[in-house]
Amino acid sequence: MSDFTEAQKKAFLSLSKRYDSQVFEIASKGGDTQIEVSSKEEARLLDKFASNICDWVFKDFSDIDGDDEDINADAEMVTYMVSDILSESGFDIDMK
């Protein structure tokens, strides 16, 4: 289980709710600050989400130096959060 701040978890939930309902379900299971993966399939879903979230957000919110700066920063933060989650999960994912 990975522990984050409430603000980080809220950002993760917001982006996953918008872009991937399966990842939103995974992130919703923990408490106010935790995210946990309970299977290799969940780990794969998170990895795929992290690989795409910055591109999805940039496509929808392209003003990265203006009005859209915060949501793009959140997307980048989520990729680092997923890295932490996966490293602590113990699941060896093979994306082939």
Side-chain angles (χ1 to χ4, degrees):
M1 178 177 304
S2 297
D3 203 19
F4 303 101
T5 67
E6 285 186 37
Q8 288 171 320
K9 171 98 183 235
K10 285 179 184 177
F12 197 110
L13 288 170
S14 175
L15 289 172
S16 63
K17 184 175 185 178
R18 180 180 181 101
Y19 292 103
D20 192 318
S21 61
Q22 290 178 301
V23 171
F24 178 73
E25 282 184 40
I26 295 165
S28 296
K29 291 189 288 186
D32 290 342
T33 61
Q34 292 104 13
I35 299 175
E36 180 179 8
V37 232
S38 56
S39 71
K40 195 171 188 174
E41 181 58 28
E42 287 182 352
R44 280 191 188 111
L45 288 169
L46 286 179
D47 189 56
K48 183 179 175 186
F49 182 73
S51 296
N52 294 302
I53 190 61
C54 288
D55 290 337
W56 294 333
V57 169
F58 180 73
K59 180 181 174 195
D60 292 341
F61 303 94
S62 59
D63 186 11
I64 60 172
D65 293 323
D67 291 341
D68 303 332
E69 182 177 11
D70 289 343
I71 193 167
N72 279 276
D74 285 351
E76 188 174 329
M77 176 187 64
V78 164
T79 64
Y80 291 106
M81 291 172 70
V82 169
S83 178
D84 288 344
I85 294 164
L86 295 179
S87 70
E88 293 177 12
S89 74
F91 292 106
D92 179 33
I93 58 170
D94 180 15
M95 295 306 292
K96 293 180 184 176

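Each residue takes its place number in the sequence, starting with 1.
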**Prompt:** Can you tell if the side chain of K9 reaches within under 4.5 Å of the side chain of D32, non-hydrogen atoms only?
**Reply:** no
**Message:** Which heavy atom of A43 sits nearest to which heavy atom of V37, and what is that distance?
**Reply:** N-CG1, 3.3 Å
**Fill in**
Residue pairs meeting salt bridge (charged side-chain N to carboxylate O under 4.0 Å, His left out), one or both in residues 67-76, sequence neighbours left out, come to none
**Request:** Report the residues that fulfil side chain to side chain donor-acceptor pair (under 3.5 Å) with E88, sequence neighbours left out, ordered by chain and then residue number.
**Result:** S2
**Asked** Looking at residues at least two apart in the chain, or sitting in another chain, which of them share a side chain to side chain contact (heavy atoms under 4.5 Å, CB included) with S21?
**Response** none
**Results of salt bridge (charged side-chain N to carboxylate O under 4.0 Å, His left out) for E41 - residues two or more places apart only** = R44
**Item:** Under the side chain to side chain donor-acceptor pair (under 3.5 Å) test, residues paired with K10 that sit two or more places apart
**Value:** none
**Item:** Minimum heavy-atom distance S16-F24, with the two atoms named
**Value:** OG-CA, 3.3 Å
**Sequence-distant partners of K29, side chain to side chain contact (heavy atoms under 4.5 Å, CB included), two or more places apart** = S38, E42
**Prompt:** For the hydrophobic clusters of this structure (ILVMFWY residues joined by side-chain heavy atoms under 4.5 Å, transitively), does one cluster hold both M77 and I26?
**Reply:** yes
**Message:** Tell me if a side-chain donor or acceptor on S89 pairs with a main-chain N or O of L86 at a distance below 3.5 Å.
**Reply:** yes
**Partners passing side chain to side chain contact (heavy atoms under 4.5 Å, CB included) against S83 (at least two apart in sequence or in another chain)** = none
**Request:** Please say which of L46, L13, L15 ends up in a side-chain contact (heavy atoms from CB on, under 4.5 Å) with V23.
**Result:** L46
**Request:** For Q22, enumerate each residue passing the side chain to side chain contact (heavy atoms under 4.5 Å, CB included) test, keeping only those at least two apart in sequence or located in another chain.
**Result:** D20, L45
**Partners meeting side chain to side chain donor-acceptor pair (under 3.5 Å) with S87 (sequence neighbours left out)** = none
**Item:** Distance, nearest 0.5 Å, that separates CD1 of I71 from CZ of R18
**Value:** 6.0 Å
**Asked** Any idea which heavy atoms bring F12 and M81 closest together, and the distance?
**Response** CD1-CE, 3.8 Å
**Request:** Not counting sequence neighbours, which residues clear side chain to side chain donor-acceptor pair (under 3.5 Å) with T33? List them please.
**Result:** D3
**Complete:** One should read off an interatomic distance between I85 CD1 and I35 CD1, to the nearest 0.5 angstrom, of 4.0 Å
Show every donor-acceptor pair shorter than 3.5 Å between a side-chain atom in residues 49-60 and any protein atom, with sequence neighbours excluded, or say none if there are none.
from : atom 1 : to  : atom 2 : distance (Å)
S51  : OG     : D47 : O      : 3.0
N52  : ND2    : K48 : O      : 2.9
D60  : OD2    : Y19 : OH     : 2.7

